[in-house]
Amino acid sequence: MNITFRQLQIFDAVARNLSFTRASEELHLTQPAVSMQIKQLEQSVGLPLFEQLGKKIFLTEAGQEFSRYASAIGSQLDELEQVVDEMKGLQRGRLTIAVASTANYFVPRLLATFCQRHGDVTVSLDVTNREQLLKGLVENRTDLVIMGQPPEDMDLVAERFLENPLVVIAPPDHLLAKEKNIPLHRLLEETFLVREQGSGTRSAVERFFSANQIALSTQMEMSSNEAIKQGVEAGLGLGIVSMHTLEMELALKRLVILDVEKLPIMRNWYIVHRSGKRLSLVAQGFQKFVQEESRQVLKLPSA
Ligand code: PGA
C-alpha cells in the first residue's frame, strides 16, 4: 500500500466532515483536488472508502478502519511535534556525558543544578579513564566529555572551565603534617601511592616530578582516588590527589594536606567535544552552564 501523509490528512478531513465541500474548505483546497486525492487513495488501498447514498456520503467498512488509524496517526504526529517543540525549548532531551574518574567528585552537583532548571532532561553519565574518554569521542558515543588537558593531536573543541589543584595528602599524625614549606627533595624519603597508568592525575604527577628531577618512590599503584585516600589514612604512604576528592576527609580531619614547596600542581578541567559534532540544544545548554556557572556552583574544600 503506497499512501502519503497528505492523503491521510485529506481522508481524515473528509471522514470527519462527511462532506467533500467542507473538507476542501477546511484544507484550503479545491473540491476536485480533494476528490482526486481520495480517488488515488482508494486505488492504492484497493477498496472504496466512501459510498454515496443520495446526496450524502458515508464511510464504508474499510473507510471506518481507515478513519481510526488516520486519527491515531494524526495524534501521534501532533505529539511528536510537541516533543520537538519542547526539545527546542530545552525542556526535554537526552544528555550523554562521559567524565574522568576524578571529575566524578563534582560533575553530579553540576548536573543536579542543571536538571533542576531544565525539567525533563534525561542524563547518561559514564565515569571512565582517559583512554576510554578519548575513544568515546572518536566513536561519537558521547556528546560531551569532562577531562584534564585534552590531547593536541585530535580534532577536538575544548574549553577550560575550572582549576584542578593536585596536593600531597598524609594522615593527620604524620611527621610532616605540621611542617611548613617542605622541600621537594624531602619527599624522596617517603613512599607514595599513585594512580594507575592512563590516569590524568598520574601523568601530571610524573611530569611535575621529572621536570623537578625528583624520582619518587612509587611502588604502590591504585586504580581509584578512593583507594589512595583509604591507603593513606591506613598509613601505607603518602598520596597525590585532586583537591576535588578531599571534601569529606578534610572536614572529618581524616587526612591533611602537606605544605610542600611548588605545590599544588596546577591542572585544569576542560569540557570537550569532537569538532564538527552537531550538539543538541540540551548539550549546548549544559556546555554553556558549565562554562559560565561552575565556579559559583562548585567550591573547592578548604584545607
Ligand atoms: P584522572 O583525572 O584521570 O586522574 O581521574 C583526570 C585528569 O586530571 O586528567
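Side chains are part of it too, since the values below use all heavy atoms of this structure and drop only hydrogens, waters and symmetry mates. In listed order, ligands and their atoms are each counted from 1.
- Rounded to the nearest 0.5 angstrom, Q149 CD and S203 OG are separated by 10.0 Å.
- Residue Q149 has no N or O atom closer than 3.5 Å to an N or O atom of ligand 1.
- Using a 30° and 60° split on the angle between ring planes, F66 and F11 fall in the perpendicular class, above 60°.
- Grouping the Ile, Leu, Val, Met, Phe, Trp and Tyr side chains by contacts below 4.5 angstrom, directly or via other members, places Y105 apart from I146.
- Remark: ligand 1 and R130 share no N or O pair separated by less than 3.5 Å (distance only, no angle test).
- Listed by atom number, the atoms of ligand 1 under 4.0 Å from T102 heavy atoms are 1 (P), 2 (O), 4 (O), 5 (O).
- Using a 30° and 60° split on the angle between ring planes, H244 and F106 fall in the tilted class, from 30° to 60°.
- The structure places CZ of R202 at 11.0 Å from CD1 of I240, a figure rounded to the nearest 0.5 Å.
- At least one N/O-N/O distance between G200 and ligand 1 falls below 3.5 Å.
- In terms of polar-atom proximity, R195 is counted as a contact of ligand 1, with an N or O under 3.5 Å from an N or O of the ligand.
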Using the rule given for side chain to side chain donor-acceptor pair (under 3.5 Å), can you reason through S275 versus D155, listing the C-alpha separation, both sets of side-chain angles and the distance that settles it, and then say yes or no? CA-CA 6 Å; S275 80; D155 206 4; 3.1 Å; yes
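- Residue Y105 does not touch ligand 1, judged by heavy-atom distances below 4.0 Å.
- Considering backbone and side-chain atoms alike, G148 places an N or O below 3.5 Å from some N or O of ligand 1.
- Here the closest heavy-atom approach between residue R22 and residue S19 is recorded as N-OG, 2.9 Å.
- The shortest heavy-atom contact between A62 and L47 is CB-CD1, 3.8 Å.
- Listed here is the closest heavy atom pair of T96 and R141: CG2-O, 3.5 Å.
- With a heavy-atom cut-off of 4.0 Å, N164 touches ligand 1 through its side chain alone.
- Residue, atom and distance of the protein heavy atom nearest to atom 4 (O) of ligand 1 are T201 OG1, 2.5 Å.
- Backbone and side-chain nitrogen or oxygen atoms of N225 are examined, and none is located within less than 3.5 angstrom of a nitrogen or oxygen of ligand 1.
- Among protein heavy atoms, atom 6 (C) of ligand 1 sits closest to A100 CB, 3.4 Å.
- Of all atoms in ligand 1, listed by their number and element, those nearer than 4.0 Å to a heavy atom of R267 are 7 (C), 8 (O), 9 (O).
- Remark: ligand 1 and S101 share an N or O pair separated by less than 3.5 Å (distance only, no angle test).
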